[in-house]
Protein chains: 2
Amino acid sequence: MRVGQLKKVRYLLKIKYIMVNVDRLLDLGASTKKYNSNEIIFEEGTECYYYYQLVSGSVRWLQVSEDGKEFVQDMIEPGECFGEFPLFDERPYAASAIASNECEVMRLPRNIFQQLLKDDPDLHFAFSKLLVERLRFRFLLSKNLASNKPEDKICSLLGYFKEQKKYICSKCNLVQLTRQQIADMTGLRVETVIRSIRHLQETGKLQINKGKVFY
Amino acid sequence: MRVGQLKKVRYLLKIKYIMVNVDRLLDLGASTKKYNSNEIIFEEGTECYYYYQLVSGSVRWLQVSEDGKEFVQDMIEPGECFGEFPLFDERPYAASAIASNECEVMRLPRNIFQQLLKDDPDLHFAFSKLLVERLRFRFLLSKNLASNKPEDKICSLLGYFKEQKKYICSKCNLVQLTRQQIADMTGLRVETVIRSIRHLQETGKLQINKGKVFY
DNA sequence: TTTACATTATGACCCTAATCATAAATCTAT
DNA sequence: ATAGATTTATGATTAGGGTCATAATGTAAA
């Protein structure tokens with residue numbers, strides 16, 4: 001089994017935004033926890049006890065399909081929260097979270113988090129906005145995954161990340177992902193991604209530098 | 001162009017739940033508007049002025065891809081709200097809403113809706129829960145659309161609707177959709193859906209009655 | 001009833017992404 | 001520097017969904 005896809009890619013660790021202010025989390029009683037590379041933070045189908053927010057490192061949020069293949073729903077960058085669904089609907093986790101490298105995570109007990117939202121409508125709106133943002137991404141993705149052209153799937157994925165400034169290389173300010181990551185997020189086979197990427201480069205739609213893909 | 005896919009299917013019009021109480025909406029100044037079959041309620045990319053809640057009829061929420069194909073993101077049943085993304089993130093509509101048959105819709109000006117949520121944290125939580133529900137569906141869908149077996153795509157879609165008691169036939173209490181609708185929501189071609197459905201019936205995974213699909 | 005349109009149906013052919021095998025290159029950790 | 005794992009690469013083959021053509025059936029409205 002392939003593990004730790006993100007190990008190699010170094011993103012700019014400048015935090016673009018933070019879901020909840022760190023001092024505020026600490027005041028409320030949040031604790032910080034460290035995870036090693038490939039350690040499981042929580043698992044799909046289990047009950048949720050905490051609100052999670054990533055401080056440093058990188059987390060992938062994935063589901064495992066019947067045939068054992070990982071489908072990566074999202075890759076989390078510092079400042080973002082993850083695994084928030086159960087906090088709103090009291091159901092189990094929809095996906096598992098795995099540390100892609102050494103991670104520092106803040107966690108706040110769920111009832112405290114829920115009370116926090118009740119006390120702070122503006123923060124609640126910020127979370128509604130986050131949920132909508134994730135939904136817009138899913139809308140885009142499900143539409144494009146339904147299309148049958150691999151190049152379309154890849155371009156729409158990269159285009160979205162560019163717009164969201166996610167997975168941006170610190171040096172060149174371009175979206176930078178491995179072919180393997182793209183495969184994991186689109187369900188395409190790596191070989192297909194490799195061949196599509198080459199063709200996209202030939203037609204000038206993206207750049208390859210020292211074998212790495214930039215968009 | 002194919003229009004009005006839902007015309008023929010008669011769902012149980014018993015309303016399963018209502019997002020916001022109708023009297024409350026009226027008190028707040030909501031108005032009721034009727035739409036004819038295939039009339040556009042709002043269009044992808046345009047600005048949003050209202051909160052919309054369906055009273056009767058059926059609305060499909062769709063995107064049109066470059067090649068002109070409709071991708072149906074959701075089909076709305078009475079009591080549900082639709083087109084709510086822009087109310088939380090102030091961006092344009094992510095998809096268009098089209099009346100699938102004669103519809104009655106309640107609409108509330110956006111600022112009044114937003115104030116309502118601020119005044120009523122519990123209602124705000126109900127909407128957060130709705131957003132999460134939609135997200136869970138999208139998670140399921142994008143994972144399964146990424147898989148490449150048509151029968152898997154179809155079964156997971158139908159399975160979800162069964163669980164959610166959506167598109168349930170009033171007489172037999174089973175999920176009932178046309179093959180065309182399934183095609184529109186999975187991105188599969190109708191012919192593929194027809195052939196897959198037949199095979200699924202042969203293997204006992206769903207029922208066909210007078211040509212109609214039940215699950 | 002008739003008309004118009006959607007849905008369902010079926011066969012033939014084609015295209016292409018998946019699959020399998022193999023190997024080089026690159027990165028990480030020790 | 002070395003070992004082990006991951007990513008990238010390439011070719012050959014194949015399975016299977018898309019595409020096209022055609023038609024029957026079903027449904028709603030005039």
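Proteins come first, then strands; the chains are lettered A, B, ... in the order of their sequence lines, and each starts at number 1.
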Inset, instruction - State whether Lys149(B) places a side-chain N or O below 4.0 Å from either non-bridging phosphate oxygen (OP1 or OP2) of dA17(C). - result: no
Inset, instruction - Send over the distance from Leu177(B) CG to dT8(C) P, rounded to a whole Å. - result: 10 Å
Inset, instruction - Using atom CD1 of Ile182(B) as one end and atom P of dA9(C) as the other, report the distance to the nearest whole Å. - result: 12 Å
Inset, instruction - Calculate the interatomic distance between Ile194(B) atom CD1 and dG17(D) atom P; express it in whole Å. - result: 14 Å
Legend entry - Distance, rounded to the nearest Å, where His199(B) contributes NE2 and dA9(C) contributes C1': 18 Å
Legend entry - Nearest-angstrom distance from the residue atom CD of Glu191(B) to C1' of dA21(D): 10 Å
Inset, instruction - Determine the contact category for Lys153(B): base if any of its heavy atoms lies under 4.0 Å from a base atom, sugar-phosphate if only primed atoms, P, OP1 or OP2 are that close, otherwise nothing. - result: nothing
Legend entry - Short N-O contact, Arg136(A) and Glu163(A), less than 4.0 angstrom: no
Legend entry - Beyond-backbone contact of Asn101(A) with Asn38(A), side-chain heavy atoms, under 4.5 angstrom: no
Legend entry - Nucleotide dT30(C), atom C1' - distance to CG of Asn36(A) in whole Å: 16 Å
Legend entry - Donor on one side chain, acceptor on other, Gln73(B) and Arg138(B), under 3.5 Å: yes
Legend entry - d(CG, Asn209(B); P, dG26(D)) in whole Å: 13 Å
Inset, instruction - Report yes if at least one side-chain N or O of Arg189(A) is closer than 4.0 Å to OP1 or OP2 of dA17(C); otherwise report no. - result: no
Inset, instruction - Could you say whether Thr192(A) or Ile208(B) is positioned toward the 5' end of DNA chain C, judged by the nucleotide with the nearest heavy atom to each? - result: Ile208(B)
Legend entry - Sugar-phosphate, base or nothing in reach of Lys210(A), heavy atoms under 4.0 Å: nothing
Legend entry - Which nucleotide in dG18(D), dA21(D), dT8(C) has an atom nearest any side-chain atom of Leu188(B): dG18(D)
Legend entry - DNA chain D: 5'-proximal contact among Val213(A) and Arg195(A) (nearest heavy atom): Val213(A)
Inset, instruction - To the nearest Å, give me how far apart CG (Asp152(A)) and P (dA17(C)) are. - result: 10 Å
Legend entry - Centroid separation Tyr160(A) to Tyr215(A) less than 6.0 Å: no
Inset, instruction - Return the nearest nucleotide to the side chain of Thr178(B); candidates are dT27(D), dA9(C), dT7(C). - result: dT7(C)
Legend entry - Centroid separation Phe82(A) to Tyr51(A) less than 6.0 Å: no
Inset, instruction - State whether Arg179(B) places a side-chain N or O below 4.0 Å from either non-bridging phosphate oxygen (OP1 or OP2) of dA9(C). - result: yes
